[in-house]
Amino acid sequence: YKVTLTQAERNQLTELTRCGKSPTSKFIYARALLLCDAGEFGDPWRVSDVAAALGVTSRTVEHLKQRFVEEGLDAALARKSQRKPREAT
């Protein structure tokens with residue numbers, strides 16, 4: 001999956017990473033998308049380098065890229081809901 005951000009999307013993600021008020025997961029996802037951007041405004045990193053820099057797995061970055069390409073920016077930034085409900089203790 002190839003992430004190509006528009007200038008408006010880059011600005012939105014940059015703002016999310018600079019304001020300091022977004023949840024940690026949203027910050028990491030925004031940063032990862034910025035680092036993976038292969039559009040005219042970006043300089044893409046390899047998935048393994050992005051994962052190492054942000055302290056996540058390469059699989060997390062790949063899933064994030066897939067969600068961005070298939071569902072858009074808002075879906076990529078939101079935490080994915082679990083398929084199976086948690087068991088009650």
Side-chain angles (χ1 to χ4, degrees):
Y1 293 94
K2 184 176 180 182
V3 174
T4 53
L5 299 171
T6 64
Q7 186 61 46
E9 289 170 332
R10 283 190 67 79
N11 291 342
Q12 181 182 353
L13 293 172
T14 301
E15 187 63 31
L16 273 174
T17 61
R18 290 193 177 156
C19 72
K21 303 225 187 250
S22 55
T24 304
S25 61
K26 196 175 243 189
F27 173 86
I28 289 172
Y29 295 160
R31 206 57 205 120
L33 288 171
L34 286 168
L35 293 173
C36 291
D37 182 21
E40 66 177 291
F41 306 107
D43 183 22
W45 288 25
R46 291 188 334 210
V47 169
S48 59
D49 293 339
V50 172
L54 298 176
V56 296
T57 65
S58 295
R59 187 172 181 155
T60 298
V61 177
E62 288 294 348
H63 285 152
L64 175 66
K65 289 170 58 174
Q66 180 179 357
R67 275 199 320 272
F68 174 78
V69 170
E70 293 178 352
E71 302 174 35
L73 182 59
D74 291 334
L77 292 177
R79 285 196 69 143
K80 192 172 180 183
S81 61
Q82 292 183 342
R83 291 184 181 162
K84 286 177 31 177
R86 291 183 182 199
E87 292 183 19
T89 56

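What you see is a predicted model, and the numbers here were worked out from it, not measured in a lab.
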Query raised in the report: For Ser58, what residues pass the side-chain hydrogen bond (donor to acceptor under 3.5 Å, both in side chains) criterion, not counting sequence neighbours?
Result: none

Report summary line: All heavy atoms of Ala78 vs all of Arg67, minimum pair found to be O-NH2, 4.0 Å

Report task. Provide the closest heavy-atom pair for Leu64 versus Ala76 in the form atom of the first, atom of the second, distance. Result -> CD1-O, 3.3 Å

Requested in this report: Before giving the answer on side-chain hydrogen bond (donor to acceptor under 3.5 Å, both in side chains), spell out for Asn11 and Glu15 the whole-Å C-alpha distance, their side-chain angles and the decisive distance to 0.1 Å.
Outcome: CA-CA 6 Å; Asn11 291 342; Glu15 187 63 31; over 6 Å; no

Query raised in the report: Just wondering, do Val47 and Lys65 contact through their side chains at under 4.5 Å, heavy atoms?
Result: yes

Requested in this report: Not counting sequence neighbours, list each pair that qualifies as a salt bridge (Lys or Arg N to Asp or Glu O under 4.0 Å) and has a residue in residues 43-60.
Outcome: Arg46-Asp49

Report summary line: What one should report as the nearest heavy-atom pair of Tyr29 and Thr60 is CE2-CG2, 4.4 Å

**Report entry** For Leu5 against Leu33, the heavy-atom pair lying closest together
**Finding:** CD1-O, 3.7 Å

Query raised in the report: Once you round to the nearest 0.5 Å, how far does CG of Leu73 lie from CD of Gln12?
Result: 5.0 Å

Requested in this report: Could you list the residues that satisfy side-chain contact (heavy atoms from CB on, under 4.5 Å) with Val69, not counting sequence neighbours?
Outcome: Tyr1

Query raised in the report: Picking from Ile28, Leu35, Val50, Val3, what satisfies side chain to side chain contact (heavy atoms under 4.5 Å, CB included) with Val61?
Result: Val50

Query raised in the report: Quick one: side-chain contact (heavy atoms from CB on, under 4.5 Å) partners of Ala30, sequence neighbours excluded?
Result: Leu13, Leu16, Thr17, Leu77

Query raised in the report: Excluding sequence neighbours, so at least two apart, what forms side-chain hydrogen bond (donor to acceptor under 3.5 Å, both in side chains) with Glu40?
Result: none

Requested in this report: Mind checking side-chain hydrogen bond (donor to acceptor under 3.5 Å, both in side chains) for Arg18 and listing every partner two or more places apart, or none if nothing turns up?
Outcome: none

